[in-house]
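Worksheet: one structure, shown below.
Hydrogens, waters and symmetry mates are skipped; everything else that's a heavy atom, side chains included, is used. Predicted, not measured: the structure shown is a model, and the values here were computed from it. So that the names make sense, note that chain A is the first sequence line, chain B the second, and so on, each numbered from 1.
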Amino acid sequence: MGINSRTVVVRIGGEAGEGTVTLGEVFTRIAARDGLEVYTFRTYPAEIKGGQVLFQTRLGIERVLSEGDAADVLVAMNLKGWEENLNDFHSQGVLIYDPDAVPNPETRGRQAYPIPVTKISKGFDFVRGKNLVMVGALTWIFRLRLETARAVVQKSMGRHAEVLAKNLQALEEGFSYAQEHFPETFSYTLPLPEKPAERLLLSGAEAMALGALEAGCRFFAGYPITPATTVMETMARYLPTFGGTLVQAEDEIASINMAIGASYGGMKAMTATSGPGLSLMIEGLSMASMAEIPVVVVNVQRASPSTGMPTKTSQGDLFLSLYGGHGDGPRFVLAPDSVKDCYYQMINAFSLAEHFQTPVIVLSDQAMASRVETIPYPETICGVWSECLERILPTPEELAQDYRRYRVTENGLSPMAIPGMPGGMYMAESLEHNEYGHPAQSPENHKVMMQKRARIVETARKHLVNWDSSVRRWGVANAKFGIMGWGSTRGAVREAMERLAAEGVEIEALYPHTMLPMPDQAVSEFLRGKKAILVPELNFTSQFARVIEHRYYKQLDARDIHIHMLAKEEGVPFKIEEIYQAARNMIQVEGGR
Amino acid sequence: MGINSRTVVVRIGGEAGEGTVTLGEVFTRIAARDGLEVYTFRTYPAEIKGGQVLFQTRLGIERVLSEGDAADVLVAMNLKGWEENLNDFHSQGVLIYDPDAVPNPETRGRQAYPIPVTKISKGFDFVRGKNLVMVGALTWIFRLRLETARAVVQKSMGRHAEVLAKNLQALEEGFSYAQEHFPETFSYTLPLPEKPAERLLLSGAEAMALGALEAGCRFFAGYPITPATTVMETMARYLPTFGGTLVQAEDEIASINMAIGASYGGMKAMTATSGPGLSLMIEGLSMASMAEIPVVVVNVQRASPSTGMPTKTSQGDLFLSLYGGHGDGPRFVLAPDSVKDCYYQMINAFSLAEHFQTPVIVLSDQAMASRVETIPYPETICGVWSECLERILPTPEELAQDYRRYRVTENGLSPMAIPGMPGGMYMAESLEHNEYGHPAQSPENHKVMMQKRARIVETARKHLVNWDSSVRRWGVANAKFGIMGWGSTRGAVREAMERLAAEGVEIEALYPHTMLPMPDQAVSEFLRGKKAILVPELNFTSQFARVIEHRYYKQLDARDIHIHMLAKEEGVPFKIEEIYQAARNMIQVEGGR
Amino acid sequence: MARKPNDYKSNVKPIWCPGCGDYAVHVALMRAFAELDLAQENIIVASGIGCSSRMPGFLSTYGFHGIHGRVLPLATGIKLSQPDKTVIAVGGDGDGLSIGGGHFPHAARRNIEIAYIMMDNSIYGMTKGQASPTSPEGTKQAASPYGTVEAPLNPILLALAYNTSFVARAFSGELKEMVDIFKIALQHPGFAFVQVLSPCVSFANTYDLFREITAPLPENHDVTDITAAMQLAQSQAPLYRGIFHHSVRPGYSLQTTEIQQRAPKVTMAELMERYER
Amino acid sequence: MARKPNDYKSNVKPIWCPGCGDYAVHVALMRAFAELDLAQENIIVASGIGCSSRMPGFLSTYGFHGIHGRVLPLATGIKLSQPDKTVIAVGGDGDGLSIGGGHFPHAARRNIEIAYIMMDNSIYGMTKGQASPTSPEGTKQAASPYGTVEAPLNPILLALAYNTSFVARAFSGELKEMVDIFKIALQHPGFAFVQVLSPCVSFANTYDLFREITAPLPENHDVTDITAAMQLAQSQAPLYRGIFHHSVRPGYSLQTTEIQQRAPKVTMAELMERYER
Ligand SMILES: Cc1ncc(C[n+]2csc(CCOP(=O)(O)OP(=O)(O)O)c2C)c(N)n1
Ligand SMILES: Cc1ncc(C[n+]2csc(CCOP(=O)(O)OP(=O)(O)O)c2C)c(N)n1
Ligand code: SF4
Ligand code: SF4
Ligand SMILES: [Mg+2]
Ligand SMILES: [Mg+2]
């Protein structure tokens, strides 16, 4: 058994143009099919095609929470794949490599399995298949089932019969070679379950698309942008099967305006983008706030500012999402914290957008969108994780006489007519307007309407108190030390906390899922009795920590709760170790232990 | 003498299509020429042309600080002009009106001067001239000089000889009529100075344009948008006379990109817009931050969200200006607080942009941009109000060997080559890049470059400590009660404070001119010893107050300083009375008196 | 149930200047609605920002007064959510050719079934008179005191180059003709573009000019001949009115509906299965 | 001091896929620079975002790798600040016709003196293969699994409709011809548009197709005849290469310079006087 008996970090380094990513993906799929839990991570080279790539898959017997830190098993397909990963390779790890590409690696005592994949693949005249040879070898080494491997290759590479046959051969050659040369048990083998639990194997982007479909989204307009394109591509495939429509718009401004138009027309509508695109949507979002039109905007954050590093992760768009808009308009911001949560928060997003007639931004990030995870099969949705709220339509009576689209109500919500409804004819208006939607510019009217729109958010805030899913809290209840974070960093935080727990440290964490409105009650309760809070996040200015400080400064100061910011803007996720150390450090500084 | 001996609020109500605005403007100009100080305010009807309009001009013998509250003198050109202003008309005010339009007004004891302008103008067959007849009458009533009036009419209406003659006749008919019928002295007459001090008569928008020209701005790209268009139109007239270029771009996105391009090419460049346009510029601003290109963006705020109320004022874009951008990029935000300050802050804006190679947003608003004020003639500029900093160019030595455009320096600033310089060839880059400007995506490089760019703002913050103009502080030094505000609200605050001072209340005010970076030292010093701070601002969510809370919460809480938010988002400026009452209220609540 | 033009009038008084060309467009639209006997609830008029874009507010149909320059994407979204409704996009020359000019080619190439009525006054009316993309070279306004130096765009030529399936020009001085064009445009099963010469009497009054220089297209003009249309579009005197081009190819909402029919039907549960490990 | 093509090469290795059409454009540009003997410091190459937009990084001239779709306004600003430099805008079909499509007509009508080289591969290369505005109808990609239904835009026809004063089409498979076209474009005193058919070998390899269907324009084509150019532009087979249109009218930076000369000279002090009360 390996160092960490429940999970194994397998890292593959090689040339992207030589099928390294396919190697990782196929191997991951085989492991998942055989019942292991998986969680992947990969890097993107600067070259459009080709270039050095790192594909990491972490396998586990229980749900895997993060991509893990150092590699337990390193699969080096070329020399760089060996050299570049040496510093991040567990001292008791295992090296699996192509001896023709990596001659005599200095493993410093680590176990090594040379698999001559180049030679083998050349042997049957299919050099392109060396990645599949390695898949075969890994299948044996990890004691996965050859049958499963065959099925996966068949499914994922079965386009051309001839190539498929070659690939299957490569797989088997690799398997046999490894079986023959390395019969001994492998220290990192994980036990396979008899009957694997029902699981989905999804990327975060796919989970968002499926969640949107489940929520009833039937319109998507979007413009390609890394790393959000997968959301669009998944919607493109499936929307029509549900009678929905996808438009690849000419840009992000068109995307948001099309989505708003479709929503005005009665469809649940969305778009998905990344930082530069969100910046372009700010004007449209402001219109949705003013005209009270539901719309969901997924923002898959990437390293910024400007074009930045499109394939690298970040959480740098929180401020833009919360505060980016001319004037004060209502808006919601959600932050799923895992691939699974991506699915549910999309359902929440549509509930909020539709019922409260307000734009909703859902913040994911490059790492969470592109990684693949096994997640439990979604079960009952409404009432458990999410609540399915619908748009408030006017009653026949309301339509029959003096229908006022923007009626000033106590809770701020006014029934919204859909074109085609007789009696409901109104004008959605981006100018300030009166109850009928007619432009109006008296000071009194502006004041009343600003208040009406602001009440929408307050109504939602009250409503959300009962939403389990608006916040996630775990760890040692009411511990003195806390961690507050948001979004995709949660996995690393959970693992760091498990390590701390194992060492007897009492610590508790809180991850809000609704960043706007903030679940104030839950946060306040969490803060009560805390001595210090670590706020890890992947941006430069500690945006979330500043939001917390700002919003809860009275409580923080009254109880002398210290905020420890842990900001990292390097394009890569947190390592578990970084969170662990920062927490340790906080506790020490605060005289905890 | 009137109630307030130093200023008189003259309000004119009438149909815009009937020359009411001209009436106000010409009268204002005559008063200014004759040596009075002026400060105007007007409303904009919903109709494109015509519609009811209110033009207010406040005259004073010293510099006028705000448009004033209730009218001292009401000039009613039509019935609405009488009826609509009745509630906001000083009980000891004076009514001047057209008896054919306003039959038998119930003045409740106020003095009234009927001037039959319709009849008089009909008398010489020039009904269009009834506004000029009223100008003539007002000239007499206020004891302004007929000569001055003639000169002003000549200058401002002298296009067609025939029409000019008619207008002059109208002026004189009105003057004679009033002279004949109302020979007694007028209670609101202000004494005219012998030799008027040198003064400019400028709108805020014009002041910004002149400031930009003085700063050396030679490129402007913009797209028309109310209420920022006047900045563009003023630049359009004068830029070419200084060898500069103005482009009316196809939209705001083009505007900011053109300005950035021109700046890259070595020109001082700017654009001007309002809320919806600023939202569209967010992506471009992010590029300027990343590529380290100087650029100045004037944002004339208007009531929002969305299209909102284009001709109404607001301070609702502070959050967008401070936080609107994907990722964390350096940026400055300035907020002039008077027409005069508009001029100087533009000079500051170019200093900051150029020297620190960073985008600068200058926040004005509809009220400040469109009002006309007499302001002192600008004297020495550099070293007094503003400091004229220039772009750091590479030395010949730097260009000669291994020039690195984005050299990582201690203060974050790297010399910027200008196309045409041999040896300086570099690529300005919106992707994350290394010192040479080549795309680079390692975590280490991103970290280093994020830090470098952030240091730019810190360097500026240190530098600004010595800038007088980065903050304005006045009132009773170290009083217990304070007012903190920003931008155009300052005039009303000053007047409210004068009233409080007259009543023996000790209060002190602070207006930062650089909102980003905040003049922390000045703010901290100001807060020291304060008990409570009133923060008046023209937006819905108290954006500035929240920034203060957020930034200084430790100090606020440690010293138990209370923030009193006074948010108003109604499209109109503060009344002095509102500030006064809020301050009184704060003092009472805080047990001051 | 014959409907009358005034049935489509809202109770909001137009804010336009007296004499503005947009009044004629308002009347023509209402007449076209009435003559086609369309139910108010089945019409949606979307717009951008500008004097002309105020149109929806003066109609008793469904409407959307959106943001500047984005009327085409907005109307596209509306049409796709309500394919059986009559969707009309209206706006000005600034709205549609300047800030919104990037959307025009795409609406045209999608052939989305909306009628796009551009009230072209060769000026920015709402912002008080600045040169627009169709202003003649040398236009002097406050923002161009030395005269513009840009060549004006030709909206008809653009529409033709974009492969717009219906392209016509109307004039506010020719009401009856405009009504007839609108009726065809509203029924066109694709993207129908109508440039209306709609003078701004306050900042660029071209009524007299257009009365003089406009003329109906030659009677023998073949509306399916793109090259002929392009040639006629380039003529400035006479400036032709009428239908330059009219052809039929499948519209976008029709085609997306066909895709929906073609796409394999799956339930959410079946879809999930595809992602089972 | 004869310069050689390689003098214009930066030390950054292109990230393009082996065989990408953009390599040819890179080489052609460098050759054109050398043959015109331009000093590196007097050339500025601006771009948007996309594979093609990476060009400036691979050149040793001044460069600006801007944001997606905004290369034309960026380059316009650059040219106006440095009217005596050679300014070149480069980018892709997505960059220039989709998100940036709104800027193209305006650069053209201003006749700003820049050469705009659009590397048209009928695909979004950088984002890994989605249909672009020039993709043929029926294009199947991950974002359009049922095939696109939009009609492709014709960049040459658009440029002509926009009144672009120089309009040409080159092909990465015809290097010499491309160099010749670039040389004229770089010297054109107005807005020069060159569509380069530059195949994306990874997502839409059209090399063979274009080798087959492209052909030089008829020798007798009159480059001043707009209507003839429009007609030839509409031909898909043969797909013509060469100069469709070439005419000269004053460029924008020239005209703004003239305005500067025409404008009355005033000092700041004199200017202030105008605002004295
Ligand atoms: C993003 C944005 N930029 C600018 C404006 C200001 N604006 C309002 S209408 C308009 C132009 C109007 O011209 P046009 O579209 O031709 O309509 P017209 O008024 O002439 O009918 C402009 C620039 C705005 N509302 N939003
Ligand atoms: C505002 C914005 N939206 C989207 C993107 C993502 N993006 C980068 S390149 C590109 C398209 C590239 O296509 P094209 O311009 O044809 O260039 P090519 O890669 O084909 O040469 C897109 C959509 C972006 N960088 N910025
Ligand atoms: S300004 Fe011009 S376009 Fe606008 S309403 Fe008046 S006449 Fe019509
Ligand atoms: S993806 Fe296509 S366009 Fe991009 S570099 Fe590769 S071949 Fe060229
Ligand atoms: Mg117009
Ligand atoms: Mg392309």
Side-chain angles (χ1 to χ4, degrees), chain A residues 46 253 274-276 278-280 282-283 286-287 289-291 301 303-312 314 316-317 319-320 322-329 430-432 439 441-444 446-447 450-451 453-454 539-541 543 546 549-550 553-554 556-558 568-572, chain B residues 46 253 274-276 278-280 282-283 286-287 289-291 301 303-312 314 316-317 319-320 322-329 430-432 439 441-444 446-447 450-451 453-454 539-541 543 546 549-550 553-554 556-558 568-572:
Chain A
I253 297 177
S274 187
L278 185 64
S279 282
L280 287 170
I282 294 299
E283 198 205 4
S286 189
M287 169 167 76
S289 296
M290 185 57 134
Q301 298 163 100
S304 296
S306 201
T307 315
M309 305 196 296
T311 59
K312 305 287 171 184
S314 171
D317 299 347
F319 275 172
L320 178 62
L322 296 175
Y323 305 122
H326 55 285
D328 298 298
S430 77
L431 286 167
E432 185 56 287
Q441 51 172 1
S442 77
E444 300 73 31
H446 188 41
K447 185 174 174 180
M450 290 298 288
Q451 288 169 340
R453 288 186 293 265
N539 55 50
F540 190 80
T541 52
Q543 300 182 6
R546 286 177 199 281
E549 279 191 346
H550 171 200
Y553 76 91
K554 290 205 171 115
L556 293 176
D557 237 52
K568 172 176 172 180
E569 170 72 47
E570 301 176 19
V572 289
Chain B
I253 297 177
S274 185
L278 185 63
S279 283
L280 287 170
I282 294 299
E283 198 205 4
S286 190
M287 169 167 78
S289 296
M290 184 59 134
Q301 298 163 101
S304 296
S306 200
T307 315
M309 305 197 297
T311 58
K312 306 287 170 182
S314 172
D317 299 347
F319 276 171
L320 178 63
L322 296 175
Y323 305 122
H326 55 285
D328 298 297
S430 78
L431 285 168
E432 185 57 286
Q441 50 172 2
S442 76
E444 300 72 32
H446 187 41
K447 187 174 172 179
M450 289 298 289
Q451 288 168 342
R453 288 185 293 264
N539 55 49
F540 190 80
T541 52
Q543 300 181 6
R546 288 176 197 282
E549 280 192 345
H550 171 198
Y553 76 93
K554 290 207 172 108
L556 293 176
D557 237 51
K568 172 176 172 180
E569 170 71 49
E570 301 176 19
V572 290

Q | Residue pair B:D328 / A:F540: nearest heavy atoms and the distance that separates them | A |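 Looking at all heavy atoms of both residues, the closest pair is OD2-N, 2.9 Å.
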Chain B interface, residue from [options] that has the most non-hydrogen pairs under 4.5 Å:
options	value
A:G316, A:P443, A:G571	A:P443
A:S430, A:P310, A:G275	A:S430
A:M450, A:Q451, A:K568	A:M450

Report the option among [options] that has the most heavy-atom pairs separated by less than 4.5 Å from atoms of chain A.
options	value
B:A46, B:G308, B:P439, B:G324	B:G308
B:Q543, B:E549, B:K447	B:E549
B:S306, B:A291, B:G325	B:S306
B:D317, B:T307, B:V572, B:N539	B:T307
B:K554, B:R546, B:M287	B:R546

Just to verify, what does B:S279 make a side-chain contact (heavy atoms from CB on, under 4.5 Å) with, not counting sequence neighbours?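 Once residues adjacent in sequence are excluded, the partners of B:S279 under the side-chain contact (heavy atoms from CB on, under 4.5 Å) criterion are A:I282, A:E283, A:H326, B:L320.
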Below 4.5 Å, heavy atoms only, C-beta onward: do [X] and [Y] meet side chain to side chain?
X	Y	answer
B:E570	A:E444	no
B:K312	A:H446	no
B:L280	A:I253	yes

Tell me whether the rings of A:H550 and B:H550 are parallel (<30°), tilted (30 to 60°) or perpendicular (>60°). parallel
Q: Check salt bridge (charged side-chain N to carboxylate O under 4.0 Å, His left out) between B:E432 and all other residues, then give those that pass, not counting sequence neighbours.
A: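 Salt bridge (charged side-chain N to carboxylate O under 4.0 Å, His left out) list for B:E432, sorted by chain: B:R453.
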Which portion of [X] sits near chain A, non-hydrogen atoms under 4.5 angstrom:
X	value
B:L322	neither
B:S274	neither
B:T541	both
B:L431	both

So, taking the atom named CZ in B:F319 and the one named OH in A:Y323, what distance separates them when rounded to the nearest 0.5 Å?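 Going from the CZ atom of B:F319 to the OH atom of A:Y323 covers 5.5 Å.
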